[in-house]
Amino acid sequence: FYLTGQWFSKGTLFVGRSKIALIVDGRYFEAAKNQASGFDVLLASKEAHIAVLGNVGRVGFDSAFTTVDRYAALSRLHTKVQWEPISCPF
């Protein structure tokens, strides 16, 4: 919510050095696209994730909110990415 101004029960926000992209499922796609300011909104799919990460070598993820299943799925999809858990220190 802090970065997008929108609430989602399921979605992935990628923040890179030169690009920000939000991937959401069909329930949120139109609303997210209409409210997006400064970032791309993509419909959730394997292809969308591959397009967003491209040749990224390392990705930090919020380990306090990412499930083991989600981590495993992303690791299988992006086998060349080094996944680094990042959690809030407080």
Side-chain angles (χ1 to χ4, degrees):
F1 177 80
Y2 178 75
L3 295 174
T4 65
Q6 302 174 60
W7 288 102
F8 307 104
S9 62
K10 187 173 182 182
T12 306
L13 181 67
F14 291 97
V15 180
R17 290 185 181 142
S18 61
K19 184 176 185 175
I20 300 173
L22 175 64
I23 298 177
V24 295
D25 65 28
R27 297 173 293 166
Y28 306 111
F29 183 70
E30 287 302 319
K33 198 170 181 179
N34 290 336
Q35 295 176 18
S37 177
F39 56 90
D40 296 330
V41 177
L42 303 166
L43 187 58
S45 69
K46 181 178 178 179
E47 294 77 19
H49 279 273
I50 291 170
V52 169
L53 286 182
N55 294 323
V56 172
R58 190 170 79 187
V59 174
F61 65 95
D62 188 341
S63 59
F65 291 97
T66 304
T67 66
V68 172
D69 286 346
R70 184 73 177 138
Y71 169 77
L74 288 170
S75 294
R76 283 190 306 271
L77 185 60
H78 304 284
T79 58
K80 295 181 181 179
V81 171
Q82 177 184 348
W83 296 94
E84 300 210 11
I86 300 169
S87 62
C88 183
F90 48 85

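Values below: every heavy atom of this structure, side chains too, minus hydrogens, waters and symmetry copies. We count residues from 1, following the sequence as given.
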Joint hydrophobic cluster, F61 plus V81, side-chain heavy atoms closer than 4.5 Å: yes

Listed partners of T67 passing side-chain contact (heavy atoms from CB on, under 4.5 Å), at least two apart: D69, R70

Results of side-chain contact (heavy atoms from CB on, under 4.5 Å) for K80 - residues two or more places apart only: none

Common cluster, V52/Y71, ILVMFWY with side-chain heavy-atom separation under 4.5 Å: yes

Mind listing the side-chain donor-acceptor pairs of residues 38-45 below 3.5 Å, one per line with the distance, residues two or more places apart or on another chain?
{"residue": "S45", "atom": "OG", "partner": "E47", "partner atom": "N", "Å": "3.4"}
{"residue": "S45", "atom": "OG", "partner": "A48", "partner atom": "N", "Å": "3.0"}

hydrophobic_cluster_shared for W83 and V56, side chain cutoff 4.5 Å: yes

Euclidean distance, F14 CZ relative to H49 NE2, rounded to 0.5 Å: 5.0 Å

ILVMFWY network linking L22 to V15, side-chain heavy atoms under 4.5 angstrom: yes

Shortest non-hydrogen contact from T79 toward R76: CG2-O, 3.4 Å

Co-membership, hydrophobic cluster, residues L13 and L53, 4.5 Å side-chain: no

